[in-house]
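As the structure is a computational prediction, the values presented were derived from the model and not from experiment.
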Protein chains: 2
Amino acid sequence: MDIKKTYSISELAKEFDVTTRSVRFYEDQGLLHPTRRGQTRIFSSKDRVRLKLILRGKRMGFSLAETKELFDLWDETLSGNEKQLLLMLDTLARKRAQLEQQKNDIAQAEMEMDTAEARCREALADLQARKRKQTKATTKEPESIDQK
Amino acid sequence: MDIKKTYSISELAKEFDVTTRSVRFYEDQGLLHPTRRGQTRIFSSKDRVRLKLILRGKRMGFSLAETKELFDLWDETLSGNEKQLLLMLDTLARKRAQLEQQKNDIAQAEMEMDTAEARCREALADLQARKRKQTKATTKEPESIDQK
DNA sequence: AAAATACTTTACGTTTACGTAAACTTTATC
DNA sequence: GATAAAGTTTACGTAAACGTAAAGTATTTT
């Protein structure tokens, strides 16, 4: 299975480079469900996975609410109820469409970055060329030093 | 070139399905630069393009500030100053890295959605199977009607 | 001319996702 | 046993990205 271990809040925070404040906030919003030893939080490897998913979701532009919805939906899906299963399939389909849109957006952006970069390089080359000409005209180059 | 036309605020809002409030906000933040006829805003096709870019940026998880930075950087790049050109190239490289990360995230997500969907369909198939069995056991099927 | 339509500015309100500080408890270290 | 280190709760603060009136101007339609 997984690494079957438990984690402290700062272990997780360090590993994923977030603040403990954020982790507590995610729990508060119902995205993580650590157990307690006394009043100290103990995170399971399931929590760890979910934290990873939360952060990836953020990078993909998902809100915490959206991510929570998916978590909850998946938990209910595991109950095996038919209605939930169908709902999950539907949700997955919609998410896929969203990802398709994002892929298109990225592809577009990459193309435009290509042309932008090309123009930059061209402009730079022009500059360099003019510089060389300037240098040649200004600093009387030693016609040929170091020849035998 | 482009469609060489001008646009009213509500034309743009309608076309891109945003509120006029948002459009004004984007101007306020320095992302759009409409001219004025009296006090009424007149948007150029350049503004239109930028609005499109703003929205795509949002879908890709970019903040307005990030997008504005890119706009400003690009404008300064056009001045042809060498330092700006190099800065732009550097920025482009960093953005590309960001997009790579996003593509990885999306690919990961798609894989996980694949397995999630598979599990759903499996669970559903099980349910249906059990249902059929139930039906067969409960409602004494007419052994063979319609035979000659 | 009255009313509807489209635009404007000003400004306070709201949600999300935390930051930051204060005050306190528990556990580890010297 | 003092102190530092890591954890806790409570609570106010903040930046981003608008929403939502309120109140006014300008133009167009009836």
Side-chain angles (χ1 to χ4, degrees), chain A residues 5-44 47-48 50-72 98 101-102 105, chain B residues 5-44 47-48 50-73 95 98 101-102 105:
Chain A
K5 206 205 146 193
T6 67
Y7 308 86
S8 78
I9 191 170
S10 48
E11 277 177 325
L12 282 187
K14 194 164 291 180
E15 176 174 2
F16 293 107
D17 195 34
V18 296
T19 64
T20 59
R21 176 67 176 92
S22 297
V23 176
R24 290 198 192 94
F25 184 74
Y26 300 151
E27 179 193 5
D28 209 66
Q29 300 300 303
L31 291 156
L32 300 177
H33 303 288
T35 60
R36 302 280 177 131
R37 197 178 69 195
Q39 64 174 0
T40 300
R41 275 162 257 252
I42 299 181
F43 296 88
S44 68
D47 287 315
R48 204 188 83 111
R50 295 218 153 171
L51 180 51
K52 195 186 293 189
L53 290 175
I54 291 167
L55 299 177
R56 192 169 72 200
K58 291 196 66 180
R59 287 197 302 271
M60 297 178 13
F62 287 20
S63 72
L64 294 184
E66 279 176 296
T67 302
K68 177 183 158 54
E69 262 192 44
L70 282 177
F71 285 176
D72 292 353
Q98 217 174 328
Q101 167 74 338
Q102 289 205 28
D105 286 338
Chain B
K5 206 205 147 194
T6 66
Y7 308 86
S8 79
I9 192 169
S10 49
E11 276 177 325
L12 282 188
K14 193 164 294 181
E15 176 174 2
F16 294 106
D17 195 35
V18 295
T19 64
T20 59
R21 176 65 175 96
S22 296
V23 176
R24 291 198 191 94
F25 184 73
Y26 299 151
E27 178 193 6
D28 208 66
Q29 300 299 303
L31 291 155
L32 300 176
H33 304 287
T35 60
R36 302 281 178 134
R37 196 177 70 197
Q39 64 173 2
T40 300
R41 275 163 259 251
I42 299 180
F43 296 88
S44 67
D47 286 315
R48 204 189 82 111
R50 295 217 154 173
L51 180 51
K52 195 185 294 191
L53 291 175
I54 291 168
L55 299 177
R56 193 169 72 201
K58 291 196 66 180
R59 288 196 303 271
M60 297 179 10
F62 288 18
S63 72
L64 294 183
E66 278 176 297
T67 302
K68 176 182 158 56
E69 262 192 46
L70 282 177
F71 285 176
D72 292 353
L73 199 55
K95 289 288 167 191
Q98 216 174 326
Q101 167 74 336
Q102 289 205 30
D105 286 338

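Of the candidates C:dA17, D:dA17, D:dT8, the closest approach to any side-chain atom of B:Ser63 belongs to D:dA17. In this structure, of C:dC7, D:dT9, D:dA6, it is D:dT9 that holds the atom nearest to the side chain of A:Arg41. Picking from C:dG19, C:dT8, D:dC18 the nucleotide with the shortest atom distance to the side chain of A:Arg21 gives C:dG19.
Neither OP1 nor OP2 of C:dC18 sits under 4.0 Å from any side-chain N or O of A:Thr20.
Across every non-hydrogen atom of B:Glu11 and B:Thr6, the tightest pair is OE1-O, 3.9 Å.
Across the protein-nucleic acid pair, A:Tyr26 atom OH and C:dT16 atom C1' stand 11 Å apart, rounded to whole Å. Distance A:Ile42 CD1 to C:dT26 C1': 13 Å, rounded to the nearest Å.
Counting any heavy atom pair closer than 4.0 Å across all strands shown, B:Thr19 reaches sugar-phosphate atoms only and no base atom. B:Ser8 comes within 4.0 angstrom of sugar-phosphate atoms only, judged by non-hydrogen atoms across all strands, and of no base. The residue A:Arg36 sits close only to the backbone: its heavy atoms come under 4.0 Å of sugar-phosphate atoms, none of a base.
A:Glu27 has a carboxylate O that lies under 4.0 Å from a charged side-chain N of A:Arg36, or vice versa, which qualifies the two as a salt bridge.
In this structure, B:Lys95 is positioned above the aromatic face of B:Phe62, its NZ or CZ under 6.0 Å from the six-membered ring centre and within 45° of the axis.
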